[in-house]
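In what follows, every chain begins at residue 1, and chains take the letters A, B, ... in the order their sequences are listed. Basis for what follows: all heavy atoms, side chains included, without hydrogens, waters or symmetry-related copies.
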Amino acid sequence: MDKVYNFKDKEKEIYKNWEEKGYFKPKIDSKKKPFTIILPPPNASGKMHTGNVLMVAIEDLLVRWHRMKGDPTLWVPGTDHAGTETQITFERELKKQGKSRFNYSREELYQAIWDFVQNNNGQIESQLRQMGASVDWSRYTFTLDDKVITTVNNTFKKMVDEDLVYRGNYMVNYCPKCGTTYADVELKHEERRDPLYYMKYGPFILATVRPETKFGDTAVAVNPKDKRYEEWVGKEIEFDGLNGKVQLKVIADDFVDMEFGTGVVKVTPAHDKNDYEAGLRHNLEVKPVIDLNGKLNEKAGSYAGLSIFEGRKQVVAALKEKGLIDHIDENYVHTVALCKAGHEIEPMVLPNWFIKVDAPHKSFKKPALDAVKSGKVKIFPQWQEITYVRWMEEMRDWPISRQNVWGIRIPVWYSLEKNPTLQVSYLKKDGTRVIRSGEGILKESEFEEAEKGLQKIIAPIECIPEFECSSPTDHYLQETDTFDTWFSSGQWPLVTLGYPDSEDFKYFYPTSVLETGWEIIRLWVSRMVMFGIYLTGEVPFEYVYLHGIVRALDGRKMSKSLGNVINPEDYINEYGVDALRMGLISGTANGKDFAFPKDRVIAYKHFGNKIWNMGRFILMMRDQWGKEISAFTQIDYSSLKNEDKAVLEELARVIKTVDLELEKFRFADASEAIYQFMWHTLADKYIEQVKVREDKNVALAVLQHVYMTSLTLLHPFMPFVTEEIYQKMPGSGESIMIEPWPTLSSQ
RNA sequence: GGGCUCGUAGCUCAGUUGGUUAGAGCGUUGCAUUGACAUUGCAAAGGUCAGAGAUUCGAGUUCUCUCGGGCCCACCA
């Protein structure tokens, strides 16, 4: 053995051997309860980040532990197409080439992104191997595999049949730049300083940051308690606007804050969430003035075609000129909603697909809430449970359609004959882009071109969709929206196991532990519980363990703009996978966020070397004593000295501790226990005692036993170095990863 | 505004139902070591547990308030 453990040479080779021997594949035994984990799929075209490393470290630890305990253990790997994120990345690439998504038909664009993802693919797989992840590669799943699409489509169909899906106008968070909607939870909020315009509206002066939406106003509102404006409530006001006379109703509603501005607000139901809801209460007309490209539409008269920003500038200038601006507060600070890519969100009313989460005939969310409350699903750390419960209690109907191409297309079709008002954009044969109505396409006999060059359908609310998984008959176009990525990933435990009737599904479902970062408890965990119960009647997992976010060395969130992003590769190269895994695990703050524990990574690199050298010491002793005194075979219990008994007792305590802590998901405590024992008890004390012992045959047998048992305990934490040492020790079996887990009775 | 969470050694963090002298890693200081390991060993220094009050025989741990971080959610016309 070398004097120093050289992790670099060995890790790859060791992993290859494990994989070839088939150790990662479970042996199904109907008499035994399986242990199953589904890997939360990392982004297929991405690279491992530090959070992924922690995730893999924890899951591999759990999986190896259970496998060694003899449970039929399955860990299913997979990758995620990451809808919006990937498409944004791809479109950024297109932009560099001077192109945009509008140069492609929907199908071509999908194919181009597919190729793009394939080119960037494989990184995650090789990094999972590098990490030592003992996943069963034969069950690998990608979120756009056919089997996933089939299941997801079937689920949608089932929900349609059970009246749990509807298509409705809805105020959505629309990003004109991305051309897609976002769920509330996907948004970021940022403080901005913007001018607050005090505009004259007939008898009133009211404050707004968005004068350009004035063409969509359908009322002005005051607070019912506001004495100042009492006399106006219910009346109509009339005044000169930029495009002629304007008539607006004055309504009274509690949502108006008397303290803000002048206590009067303009109501624009088409472009503001509050106003939309007020509009529903007061039966106001919804009058959109901004189109899907973020431009003012024909209702804005001479301002039509201008961007929101430019429109605002020109509207303000015109208002000033007409003396309709009372004054401007230039230092108004408010927060604006931003999409994932950082663009400003435009609230819009659009037809979207929704899931009823709490329908009277079938509640989707209630059983999922009860599952956690009743303890059928147990969440660790426990204080995270409240996040889940609150979210489920407050959950509203879930918009599941996205105006993305990169995703699973919603299996719904529109007949052009039946839906003359359908708005379809497509590329003609000659490459020009046209937007035509359903009626227009038929009139021009362009159906084939439209079908082939199809980019996007906007189906006004009166259109009649037909639910099929393939084209019904002639002159049908499929919905161009895709499912929200959480709609499909919410069914991940099902699709990866071959729901509904595969052997795998029958045996391995429900899974044992869902391990992921706490930030997606609402987005993902809740959806999996809902779908699991809805489709199978059973919860998808028994335990949820949520790890904290790994922050940068400075304790702040990692971000490209701060330049403090930690690249796990660097640490793997410098300290080895074992050290990185163990460092992260021992540095985790039990589910709380924590700064990247660099010190611990270094400490565990040293630890790897320490146990390596303990192995060398034992081999050296063997050379010296082994032949003469037949040590290292069996412990002679009748001749044990107190120090032998002490170390054996201590070992038994460590075995107990490790099991106990792992059962409680207290990974750091478990790793710490082994570390302290091996280094400061076994190496520092016991080995020193062995060196001066007369009865080497007794002591060396104890030493070898305690050492090998500790190595076995350590293996799920530091798989590579333990395997490498194991292979060097005489009397070893095939691999340490198939050694039986140490128990108290075996001591 | 609602909620969660944290404040313990120079730094990163443990401290689980309240119970001897408050722990670990890294760092610091001193000494040692030529055959397992300098990626070492032995030892030491370093903490009024953010502050104040309450409960208790006993509080880092429970409760209240104050101060100071971090995060989540909602709203902001």
Side-chain angles (χ1 to χ4, degrees), chain A residues 1-5 184-185 187 189 191-192 194 196-199 206-211 213-214 217 220-221 255-257 259-268 271-275 278 332-337 347 381-387 389-391 394 518-519 521-522 548-549 551 553-557 575-576 579 582-583 586-621 623-624 660-661 664-666 668-669 671-673 675-676 679-680 683-685 687-688 690-691:
Chain A
M1 271 170 99
D2 298 336
K3 202 166 177 182
V4 171
Y5 170 57
D184 289 347
V185 283
L187 301 182
H189 297 268
E191 258 195 10
R192 288 274 172 88
D194 279 315
L196 180 64
Y197 303 96
Y198 283 77
M199 317 192 319
L206 56 78
T208 180
V209 286
R210 306 210 47 192
T213 61
K214 70 194 296 309
D217 294 349
V220 294
F255 90 95
V256 182
D257 178 1
E259 307 293 316
F260 187 88
T262 58
V264 186
V265 302
K266 65 193 205 62
V267 185
T268 324
H271 298 292
D272 183 281
K273 213 166 200 170
N274 271 321
D275 293 7
Y332 176 60
V333 176
H334 65 144
T335 52
V336 293
Q382 217 207 332
W383 54 266
Q384 288 284 10
E385 194 179 299
I386 199 163
T387 314
V389 169
R390 284 266 154 72
W391 163 251
E394 288 164 14
W518 58 259
E519 79 274 17
I521 184 168
R522 295 188 312 278
I549 312 290
R551 300 227 201 88
L553 290 169
D554 57 12
R556 292 195 289 179
K557 233 173 147 167
Y575 305 106
M582 192 64 161
S586 75
T588 54
N590 293 316
K592 284 171 294 202
D593 295 353
F594 61 104
F596 184 84
K598 185 178 176 182
D599 289 343
R600 281 181 189 271
V601 176
I602 297 170
Y604 278 103
K605 191 202 171 201
H606 294 177
F607 181 59
N609 190 61
K610 186 75 187 178
I611 61 171
W612 176 261
N613 275 290
M614 289 161 76
R616 286 182 67 210
F617 176 75
I618 291 175
L619 288 181
M620 193 188 82
M621 285 286 141
D623 283 347
Q624 207 170 332
L660 229 56
E661 300 297 359
K664 290 190 287 185
F665 298 96
R666 308 263 318 177
D669 295 336
S671 65
E672 195 70 7
Y675 176 91
Q676 291 299 333
W679 197 317
H680 298 302
D684 289 350
K685 295 205 182 75
I687 285 187
E688 293 308 314
V690 169
K691 284 178 183 170

d(CG, A:Asp599; C1', B:U39) in whole Å: 14 Å
Please state how far atom CG in A:Leu553 lies from atom P in B:C11, giving the value in whole angstrom units. 15 Å
Checking all strands, does A:Lys691 fall into the base, sugar-phosphate, or nothing category for heavy-atom contacts under 4.0 angstrom? base
Out of B:G35, B:C72, B:C26, which nucleotide sits closest to the side chain of A:Arg522? B:C72
Using a cutoff of under 3.5 Å, can you pull out all pairs of nitrogen or oxygen atoms linking the protein to nucleotides 19-23 of chain B, with atom names and distances?
none

Rounded to whole angstrom, note down the C1' distance from B:U12 over to B:G58. 31 Å
Taking atom P of B:C26 as reference, at what distance in whole Å does atom CZ of A:Phe607 sit? 12 Å
So, for A:Ala579 and A:Lys605, which heavy atoms are closest and what is the spacing to 0.1 Å? CB-N, 3.6 Å
Roughly how many Å is it from CG in A:Asp669 to P in B:A14, rounded to a whole number? 10 Å
What N/O pairs connect the protein and nucleotides 1-9 of chain B at under 3.5 Å? Give each pair on its own line.
| unit_1 | atom_1 | unit_2 | atom_2 | d |
| --- | --- | --- | --- | --- |
| B:G3 | O2' | A:Arg390 | NH1 | 3.3 |

A:Glu688 has an atom CD; how far is it from atom C1' of B:C37, in whole Å? 11 Å
Without decimals, in angstroms, what is the distance between A:Ile618 CD1 and B:A36 C1'? 10 Å
Residue A:Glu661, side-chain atoms from C-beta onward, closest of B:A77, B:A24, B:U16: B:U16
Does A:Arg600 pair with A:Glu672 as a salt bridge, N-O distance under 4.0 Å? yes
All N/O pairs under 3.5 Å across the protein-nucleotides 40-44 of chain B interface:
| unit_1 | atom_1 | unit_2 | atom_2 | d |
| --- | --- | --- | --- | --- |
| B:U40 | O3' | A:Lys610 | NZ | 3.2 |
| B:G41 | OP1 | A:Trp679 | NE1 | 2.2 |
| B:G41 | OP1 | A:Asp684 | OD1 | 3.4 |

Rounded to the nearest Å, what distance is computed from the NZ atom of residue A:Lys3 to the P atom of nucleotide B:U34? 12 Å
Is A:Arg551 near enough to B:G69 that one of its side-chain N or O atoms lies under 4.0 angstrom from OP1 or OP2? no
Atom-to-atom span, CZ of A:Phe596 to C1' of B:G25 - whole angstrom: 14 Å
